[in-house]
Amino acid sequence: MGTGTLALRTFFARIWSYLNKNRRTAIPVAALATLGLVVAVAASWGITSSPRTTETQLTSSVTDCHDMVTISVAGRNDTPVSGTTAMLVDANGNELPAALSGDHKSEWLDPVVNAGSNAVGSDSNAAIYIAYPANLNSEEAAVTAGVANTERVMREISSVCPNTKYSIVGYSEGSDVVRRVAMQIGNSQTDIDPDKVLGVVILADPGRKAGDGTFIGAQDPNHPDNFDTNFGGKTAGGQGALPDTGGDFGKLNGKIASFCSDGDLTCSAPQNISLLQLAINVGRQINVDALQNEGLTPATGQDVAVKLGDIALNAFQYIGSNPNWMKSNETFLQVLLKVSAPGYKPGQASAAPVAAADNVATNDMSPLAYLPQKVFNEIVGLIVTNTNTIPVILSDPYQQTLGPDHTGHHFDYWKDADQSNGKPLTSAEYAAAWLTHLAQQAQKGEPVTTNAKPEPADLAAAYKAAKPETGVATGSTTATPSSTTTTSKTSGTTTTAPTTSGTTTTAPTTTAPTTTAPTTTVPTTVAPVTTDPAAAVAPTTTAPTTTVPTTVAPTTTTTTTPPVTTTTTGGH
């Protein structure tokens, strides 16, 4: 059993103990208990690597131009840290919130983002990791900072290397950053040229809309417009855990690869879980790290209480500023969901008009005529919009998304190949192959055209880049960056970029998570999490009659799995 699971269960135990001793606080504590369920989703953004102390000499500059740069945004506790990592500097020698791959190592993203450099050389292709406060002290604040840092680094590179092209990759909490960056670039909400962005890879996208396929906006749903090689994967059911962050990619449509695994509640949460969605909205704005590690204490309780109080005040202000609210079909729960979103700004609705003195009684009484229908709507709305809440809770969402030893669905992207069903590569391998193809075209100076078909030799090189090195056990892959010489395209000077060798381990022998056994007697509690028929668009009609098949399939195939030797307890 993983330490993260123990931490979560200890957290629940503290909540119920506190509830029994403080019955007068039953309502707020019950709300907090619901919030605790969202730790499973929040913690799934916390894919960790141990911080590594390295030399901090600032030798890598954006003035070392490349044909293509892969901008990488990793998850919680898996990002460069100023003072312990050799950071990138701008043209004037000022530190930037980024580090070259090699100066920083991510056990999860290295195999994807280093594939292009392994194929064309680091003088033509480079991978850069964005530094941002990748924690859950305030998820919304962390992601906002990640977006700002990503765009700043891209602008700095473009200012001195105007011909450089980009690919962008994000995983876990970093996927939220990358989606927002891609949306802003694609919709011209920033000064970064969308034509310079060749491809975007999003692994576990929390802003995914219900029905979104893997290749959003592509002419063919089986592959991005600039890579004529079919993926073979199926569309996941449900939607992202943060649907309010979703949107259109504008000019980047067709250049997006958004991989989502059924059962990963970060990107495939069932619809009709409005109470859990409310808890998620609250969780994005409080210190979830402290809640997970310490449980309910006076400090964490105050943090939650203040945020819940703000939401309640915003809800009453919203209703008070809409004089016809009683006549509308909008429920109070819908109001709470609206005002609890991090982007909501109070006071936007028009204030209610002040009634004349002789009409006050009439105006006060008229809404009561709508009260019976309003109460009925509230009851029906609460039931309908929460049809999947209880099944999600009973299916143990923490284990399903973040099972011990990387058995949860949040890790499927490195082990989800299914040769017998036409999916020869894992999601991570396919992403590596696509980015390698883009790097090769950027090196040749060729325009990346719609339906470009890679040469067999190019594709073979991409597959090789994503496969294990000699001596690595079958089914385990971690790209091992080699020390290479980086040539500056502007000055002709040569600098050696320090790199780190990745650690390779064999795939874990764990079969299905322990949560699958009980589901044989209550199949209806499992279906909504994996392939909820009511919420999911993808036709996966056989899922409800099995015992969470998506958790078993990845462990039976000999494909790429993430290393399991460097996981810390901080993200679980």
Side-chain angles (χ1 to χ4, degrees), residues 60 62 64-74 88 98-106 108-130 153-154 157 161 163-171 174 178 196-203 223-224 226-229 255-257 259 413-414 425-448 452-469 477-487 489 497 499-500 502 560:
S60 304
V62 295
D64 297 329
C65 297
H66 301 79
D67 298 313
M68 187 175 89
V69 172
T70 299
I71 304 294
S72 316
V73 190
L88 198 67
L100 282 174
S101 174
D103 291 335
H104 172 77
K105 175 178 170 53
S106 166
W108 303 103
L109 288 186
D110 272 2
V112 177
V113 302
N114 289 329
S117 297
N118 292 342
V120 302
S122 59
D123 59 332
S124 175
N125 186 84
I128 291 175
Y129 282 98
I130 299 298
V153 171
M154 293 179 71
I157 295 175
C161 304
N163 295 323
T164 292
K165 304 294 194 301
Y166 301 95
S167 57
I168 312 175
V169 179
Y171 171 51
V178 167
K196 299 291 185 182
V197 178
L198 305 184
V200 178
V201 173
I202 311 176
L203 298 157
H223 56 75
N226 50 25
F227 187 57
D228 193 16
T229 299
K255 300 179 181 180
I256 305 293
F259 299 99
Y413 311 99
W414 288 266
L425 297 176
T426 66
S427 298
E429 287 173 336
Y430 184 93
W434 179 37
L435 296 183
T436 299
H437 174 64
L438 296 177
Q440 289 168 333
Q441 286 196 307
Q443 183 186 46
K444 296 175 183 177
E446 297 176 352
V448 181
K453 190 172 183 64
E455 296 296 327
D458 294 339
L459 194 57
Y463 290 172
K464 182 180 179 181
K467 288 296 182 183
E469 301 289 343
T477 209
T478 307
T480 307
S482 56
S483 294
T484 55
T485 300
T486 305
T487 303
K489 289 184 176 291
T499 58
T500 350
T560 305

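Please read all numbers here as calculations on a predicted model, not as lab measurements.
- Using a cut-off of 4.0 Å between Lys/Arg side-chain N and Asp/Glu carboxylate O, Lys165 and Asp67 are scored as not salt-bridged.
- One distance of note links CG of Leu438 with NZ of Lys255; it measures 9.5 Å at 0.5 Å rounding.
- For Met68 against Ala442, the heavy-atom pair with the smallest separation is CB-CB, 3.9 Å.
- Residues His223 and Asp228 bring a donor and an acceptor atom of their side chains to less than 3.5 Å of each other.
- Of all heavy-atom pairs between Gly116 and Asn125, the closest is C-ND2, 3.7 Å.
- Side-chain atoms of Thr70 and Ser167 form a donor-acceptor pair, as typed in the model, at a separation below 3.5 Å.
- The side-chain contact (heavy atoms from CB on, under 4.5 Å) with Ile256 is formed by just one residue from the set Val178, Val201, Val200; it is Val200.
- Nearest heavy-atom pair, Ala74 versus Ser106, reported as atom, atom and distance to 0.1 Å: CB-OG, 4.3 Å.
- Of all heavy-atom pairs spanning Trp434 and Gly199, the tightest one is CH2-CA, 3.5 Å.
- Between the SG atom in Cys161 and the OH atom in Tyr166 there is a gap of 7.0 Å [rounded to 0.5 Å].
- Smallest separation of non-hydrogen atoms from His66 and Ser124: CB-O, 3.4 Å.
- Between Leu109 and Val169, some side-chain heavy-atom pair lies under the 4.5 Å cut-off.
- A 4.5 Å side-chain heavy-atom check between Lys105 and Asp110 finds at least one atom pair inside the cut-off.
- Between Ala431 and Val112, the shortest heavy-atom contact is CB-CG1, 3.9 Å.
- Note: Tyr413 and Tyr171 have perpendicular aromatic rings, judged against thresholds of 30 and 60 degrees for the angle between ring planes.
- A side-chain contact (heavy atoms from CB on, under 4.5 Å) with Tyr129 is found for exactly one of Val113, Leu88, Ile71, Val73, namely Val113.
- Taking OG from Ser72 and CG from Leu435, the interatomic distance works out to 9.0 Å, rounded to the nearest 0.5 Å.
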Residue pair Phe227, Tyr430: steps toward the ring pair (Phe, Tyr, Trp, His ring centres under 6.0 Å) verdict:
CA-CA 10 Å; Phe227 187 57; Tyr430 184 93; 5.5 Å; yes
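- The CE atom of Met154 sits 11.0 Å away from atom NZ of Lys196, with the distance rounded to the nearest 0.5 Å.
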